[in-house]
S.K.: 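I am attaching a structure below and will ask some questions about it afterwards.
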Amino acid sequence: MTDNTGHPANSYYTATAHRLAAQPVLVGEERADVCIVGAGYTGLGAALAFAERGLSVIVLEAAEIGSGASGRNGGQVHSGQRRDQDYLENLVGLDGAKALWRMAEDAKAHLKTLIIRHRIDCDYKPGILIADHKPHYVAMSHAYAEKLRTVYGYDQVEAIGKAELDALLGASGYHGGFIDHDGGHLHALNLALGLGQAALAAGVRIFEHSRATSHRAEGGKAAVHTAKGRVTADWLILAGDGYLSGLDAHTEARVMPINNFILATEPFSDNEAKALIANDYAVADSRFVVNYYRLSADRRLIFGGGENYRSGFPTDMKGFVRTRMLKVFPQLADKRIDYAWGGTLGITTTRLPFVRRLAPNVLTASGYSGQGVMLAPYFGKILADVTAATLGEFDRLAALPTPPFPGGRLLRWPTLVAGMSYYALRDRL
């Protein structure tokens with residue numbers, strides 16, 4: 001069985017989703033102030049913000065609301081940008097790094113506000129733990145936590161050693177790390193569906209199974225074509241992330257799709273769940289190819305790990321991810337795996353988001369590189385802010401370097417595989 005993107009369908013999220021009514025297919029000509037390609041976190045966040053400004057909005061979605069990375073990810077809410085503050089300080093200086101930190105904090109607050117304001121039932125829980133898989137990483141983690149407290153004024157971090165970590169986490173192979181009490185985790189697809197419901201209630205028109213196949217400028221407007229229709233709009237927002245697939249060569253040279261994989265176990269008892277993660281926080285480890293996991297609302301372990309860099313998914317996704325899970329939780333060898341699924345996300349060479357004005361009235365935000373749950377809805381709002389000439393945060397993001405992958409769109413795969421294979425090997429040494 002496959003889902004509506006052609007990938008094997010066995011997702012815990014789809015099995016427990018708060019389904020929306022099916023939206024129509026675009027047929028014929030439509031006109032709007034804004035046309036958005038992609039009904040994920042970025043596109044829906046932008047649609048809501050545009051609608052709140054009184055603009056008419058059409059969203060074109062190739063499959064269904066939240067069917068891309070927004071409905072398939074690990075559901076973790078991390079603080080900051082995808083790269084740490086040390087990296088950003090070297091890149092843009094201390095003041096620039098502080099501005100990017102504040103922006104990420106605003107994005108986190110924006111996400112929580114959206115959930116509360118629109119009563120989105122997405123099982124939000126606070127807290128995230130960063131676990132170090134090498135002993136010498138612990139001192140660096142503790143120094144970083146202290147830097148966040150003293151330089152960035154972020155008092156939600158708590159450095160922990162091995163004893164504290166072992167009391168919280170029934171996992172193997174970790175030596176310490178830090179806790180971010182203001183991070184969190186949630187049901188990824190229900191967040192997207194809740195944003196979709198809020199957008200529909202605000203008057204946004206969403207067309208499903210209406211893949212945008214091309215766009216071009218026509219008399220100062222943007223004309224977007226699908227198989228059965230066309231939308232003409234004053235503004236065009238490309239929010240497809242790793243699913244753009246031929247729609248914009250400039251973006252695709254800089255944002256590359258990769259696949260990541262997740263499983264969900266059978267439900268655990270209260271005591272079993274607490275033995276795995278005592279404080280019910282999300283966990284991400286220090287590997288380059290990250291293991292990330294958390295407990296769902298019904299006490300399943302949602303475990304993500306492993307990725308590939310080609311168009312296909314593994315034929316045995318349960319086995320693919322289970323092997324990684326058992327290295328962390330060997331005590332789960334006899335536990336049933338009820339769900340396993342994959343998703344495609346967009347990454348950049350720097351792991352910084354790609355936010356650009358592609359033409360006077362064409363904007364894009366993508367390439368969140370795993371940080372999209374927290375950043376993407378807010379970046380959608382930033383795109384909407386451009387229409388009101390509030391360009392500060394957009395210009396700051398547009399200045400971040402996101403060079404093209406070597407070889408451009410056609411040759412990026414072999415160079416990425418070589419580089420990622422090196423870092424995956426380093427994880428094991």
Side-chain angles (χ1 to χ4, degrees), residues 12 73-79 123 125-142 144-145 157-181 183-186 188 260-307 317-340 370 373 423-429:
Y12 168 76
N73 64 79
Q76 296 198 353
V77 179
H78 293 256
S79 299
D123 304 329
K125 301 178 188 180
I128 193 161
L129 189 162
I130 308 302
D132 291 321
H133 77 292
K134 293 186 178 182
H136 68 277
Y137 283 8
V138 177
M140 293 185 290
S141 284
H142 289 188
Y144 186 65
V157 286
E158 176 187 353
I160 58 172
K162 183 167 176 55
E164 297 100 319
L165 187 145
D166 287 345
L168 292 173
L169 190 60
S172 300
Y174 297 123
H175 306 276
F178 67 89
I179 296 172
D180 179 359
H181 296 288
H185 55 110
L186 48 75
N260 203 264
F261 308 102
I262 305 175
L263 61 74
T265 66
E266 63 181 290
F268 298 127
S269 69
D270 284 341
N271 288 338
E272 287 175 322
K274 288 178 180 177
L276 295 177
I277 308 174
N279 59 4
D280 203 12
Y281 279 16
V283 182
D285 69 23
S286 58
R287 289 175 171 83
F288 182 80
V289 181
V290 179
N291 290 324
Y292 52 95
Y293 40 94
R294 62 189 186 86
L295 294 168
S296 65
D298 56 353
R299 300 186 305 276
R300 300 172 187 270
L301 183 69
I302 308 292
F303 188 99
E307 56 192 31
M317 276 190 286
K318 284 185 180 181
F320 184 84
V321 186
R322 183 175 181 273
T323 298
R324 297 181 70 95
M325 181 189 74
L326 292 182
K327 290 179 181 178
V328 179
F329 294 106
Q331 68 270 38
L332 301 183
D334 62 345
K335 294 299 183 180
R336 188 178 71 244
I337 307 302
D338 284 347
Y339 303 95
V373 177
Y423 284 107
L425 175 62
R426 195 177 69 174
D427 280 343
R428 297 191 289 271
L429 297 178

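FYI, side chains are in, hydrogens and waters are out, and symmetry mates aren't considered; it's all heavy atoms of this structure.
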S.K.: Side chain of Arg299, backbone of Glu272: donor and acceptor closer than 3.5 Å?
M.R.: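 No: the side chain of Arg299 does not pair with the backbone of Glu272.
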
S.K.: Is the backbone N or O of Ser296 less than 3.5 Å from a side-chain atom of Lys125, with the two atoms forming a donor-acceptor pair by type?
M.R.: yes

S.K.: Listed by chain and number, what are the side-chain hydrogen bond (donor to acceptor under 3.5 Å, both in side chains) partners of Lys274, not counting sequence neighbours?
M.R.: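 Scan of Lys274 (side-chain hydrogen bond (donor to acceptor under 3.5 Å, both in side chains), adjacent residues dropped) gives none.
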
S.K.: Do Lys318 side-chain atoms and Ile337 backbone N/O form a donor-acceptor pair below 3.5 Å?
M.R.: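 Yes; judged by distance alone, with no hydrogens or angles, the pair exists.
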
S.K.: So, do Ile130 and His78 sit near enough that their side-chain heavy atoms are less than 4.5 Å apart?
M.R.: yes

S.K.: Between the main-chain N or O of Pro126 and the side-chain N or O of His185, is there a donor-acceptor pair closer than 3.5 Å?
M.R.: no

S.K.: I need the Asn279 CG to Leu169 CG distance, nearest 0.5 Å.
M.R.: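 Between atom CG of Asn279 and atom CG of Leu169 there are 8.5 Å.
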
S.K.: For Val157 and Ala145, which heavy atoms make the closest approach, and how far apart are they?
M.R.: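 So the two residues come closest at CG2-O, 3.4 Å.
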
S.K.: Under the side-chain hydrogen bond (donor to acceptor under 3.5 Å, both in side chains) rule, collect the residues that match up with Asp180, sequence neighbours excluded.
M.R.: Ser79, Tyr154

S.K.: Does any non-hydrogen side-chain atom of Ile277 lie less than 4.5 Å from one of Tyr293?
M.R.: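 With C-beta onward as the side chain, the pair touches.
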
S.K.: Please find the pair of heavy atoms, one from His133 and one from Ser286, that lie closest to each other, and give the distance.
M.R.: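 Closest approach of His133 to Ser286, heavy atoms only: ND1-OG, 2.6 Å.
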
S.K.: Indicate yes or no: at least one non-hydrogen side-chain atom of Gln331 is less than 4.5 angstrom from one of Leu276.
M.R.: yes

S.K.: Which one of Asn260, Asn73, Asp285 satisfies the side-chain hydrogen bond (donor to acceptor under 3.5 Å, both in side chains) criterion with Tyr292?
M.R.: Asn260

S.K.: Before giving the answer on side-chain hydrogen bond (donor to acceptor under 3.5 Å, both in side chains), spell out for Asn271 and Ser269 the whole-Å C-alpha distance, their side-chain angles and the decisive distance to 0.1 Å.
M.R.: CA-CA 5 Å; Asn271 288 338; Ser269 69; 5.5 Å; no

S.K.: Could you name each residue pair satisfying ring-ring contact (aromatic ring centres under 6.0 Å, His included) that touches residues 263-282, not counting sequence neighbours?
M.R.: His181-Tyr281

S.K.: If you apply the rule side-chain contact (heavy atoms from CB on, under 4.5 Å), what do you find for Arg324 with Val289, and how did you get there?
M.R.: CA-CA 11 Å; Arg324 297 181 70 95; Val289 181; 3.9 Å; yes

S.K.: Taking only residues two or more places apart in sequence, or in another chain, which ones meet Phe178 in a ring-ring contact (aromatic ring centres under 6.0 Å, His included)?
M.R.: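 For Phe178, no residue satisfies ring-ring contact (aromatic ring centres under 6.0 Å, His included) once neighbours in sequence are set aside.
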
S.K.: Do Leu168 and Val283 come within less than 4.5 Å of each other through their side chains, counting heavy atoms only?
M.R.: no

S.K.: Can you name the nearest heavy-atom pair linking Ala167 to Ala278, along with the distance?
M.R.: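 It is O-CB, 3.8 Å.
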
S.K.: Taking side chain as C-beta onward, heavy atoms only, is Thr265 less than 4.5 Å from Met325?
M.R.: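 A side-chain contact under 4.5 Å exists here.
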
S.K.: Working to the nearest 0.5 angstrom, can you tell me the gap between Arg294 CZ and Arg300 CZ?
M.R.: 12.0 Å

S.K.: May I ask you to test the Asp338-Pro267 pair for a side-chain heavy-atom distance under 4.5 Å?
M.R.: yes

S.K.: Once rounded to the nearest 0.5 Å, what's the spacing between atom CG of Leu165 and atom CD1 of Ile160?
M.R.: 4.5 Å

S.K.: Identify the two heavy atoms, one from Ala171 and one from Phe329, that lie closest to each other, and give their separation to 0.1 Å.
M.R.: CB-CE2, 3.7 Å

S.K.: Are Val328 and Phe303 side-chain neighbours, meaning at least one heavy-atom pair lies under 4.5 Å?
M.R.: yes

S.K.: Run the side-chain contact (heavy atoms from CB on, under 4.5 Å) test against Phe320 and tell me which residues pass, sequence neighbours left out.
M.R.: Phe261, Pro314

S.K.: Work out which heavy atom in Ser141 is nearest to a heavy atom in Gly177; give both atom names and the distance.
M.R.: CB-CA, 4.3 Å

S.K.: Can you list everything that forms a ring-ring contact (aromatic ring centres under 6.0 Å, His included) with Tyr174? Sequence neighbours excluded, please.
M.R.: none

S.K.: Can you find a heavy atom in the side chain of Ile262 that is under 4.5 Å from one in the side chain of Ile302?
M.R.: yes

